[in-house]
Amino acid sequence: GDSVTQMEGPVTLSEEAFLTINCTYTATGYPSLFWYVQYPGEGLQLLLKATKADDKGSNKGFEATYRKETTSFHLEKGSVQVSDSAVYFCALSVGGSQGNLIFGKGTKLSVKP
Amino acid sequence: DAGITQSPRHKVTETGTPVTLRCHQTENHRYMYWYRQDPGHGLRLIHYSYGVKDTDKGEVSDGYSVSRSKTEDFLLTLESATSSQTSVYFCAITDRAYTGELFFGEGSRLTVL
């Protein structure tokens, strides 16, 4: 079945460090791919998305490129801030009308000043 | 921010008791979802609704039932709570399910003793 695999955390970085969180997927069909972020004590919110191969999603300095050949959607940011500390979830949607998402297990990021 | 309210936000109950969690939205979105979040599992879909009185099962629906008698309310019921249902429950909504862009509530933390 369809699934998402993320790198396990926690990830601890110093402020201004480069961030990569790996995400790979397995899907039949042509999924859309997402990164959601969960700040402490809050619900998830959409960070960025890509709907087809080679698309790049970006938001708040974060980027991810939909790589069909490697079935990957890695999240990157060039210079993290303390305020980026959160749990990041990779997810996929295989389309259809119901909007169901399949989530990875989440990666906790802690950024230290 | 999407208007989603979950209640109660925290609940402690005993094994065998019934529990109902409520999700209330003010956005008039058609689609509503219940997810549970557990360490090492990410988010998993319990049930979803695609309209008033239209619901369907998700990945982990055993032991849960739902009802949607009004557009704005989606209720999740545990008929007889078990310790394995200790979790954080998130409601999500969208009016464009095909996009995969969901708006999440702040979560309800349930502890079953």
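Note on naming: letters A, B, ... go to the chains in the order of the sequence lines (proteins, then strands), and numbering restarts at 1 for each one.
Of all non-hydrogen atoms in Gln38(A) and Phe90(B), the two that sit nearest each other are NE2-CZ, 3.2 Å.
Side-chain contact between Leu44(A) and Tyr35(B) is absent, with no heavy-atom pair separated by less than 4.5 Å. Within the 4.5 Å cutoff, side-chain heavy atoms of Tyr33(B) are placed close to those of Asn100(A). Looking at heavy atoms from C-beta onward, Leu46(A) lies out of side-chain contact with Leu102(B) at the 4.5 angstrom threshold.
Using a 4.5 Å cut-off between heavy atoms, Gln37(B) contacts chain A through its side chain alone, with no backbone atom that close. Of the atoms belonging to Gln6(A), not a single heavy atom falls under 4.5 Å from chain B. With a 4.5 angstrom heavy-atom cutoff, Leu45(B) touches chain A only via side-chain atoms.
The distance from atom CZ of Phe103(B) to atom CD of Gln45(A), rounded to the nearest 0.5 Å, is 10.5 Å.
Checked by atom type and distance alone, the side chain of Lys49(A) pairs as donor or acceptor with a backbone atom of Thr99(B) at under 3.5 Å.
Glu8(A) CD: 12 or fewer foreign heavy atoms inside a 6.0 Å radius. Counting heavy-atom neighbours within 6.0 Å of Lys77(A) NZ, excluding the residue itself, gives a total above 12. The number of heavy-atom neighbours closer than 6.0 Å to CD of Glu69(A), taken from other residues, nucleotides and ligands shown, is above 12. When the shell of 6.0 Å around CD of Gln81(A) is examined, it contains more than 12 heavy atoms from other residues, nucleotides or ligands.
Hydrophobic clustering keeps Val52(B) apart from Leu75(B) (ILVMFWY residues linked when any side-chain heavy atoms are closer than 4.5 Å, directly or through intermediates). There is a path of hydrophobic side-chain contacts, each under 4.5 Å, that joins Val88(B) to Tyr48(B).
Most heavy-atom pairs under 4.5 Å with chain A: of the set Glu106(B), Arg109(B), Glu101(B), this distinction falls to Glu101(B).
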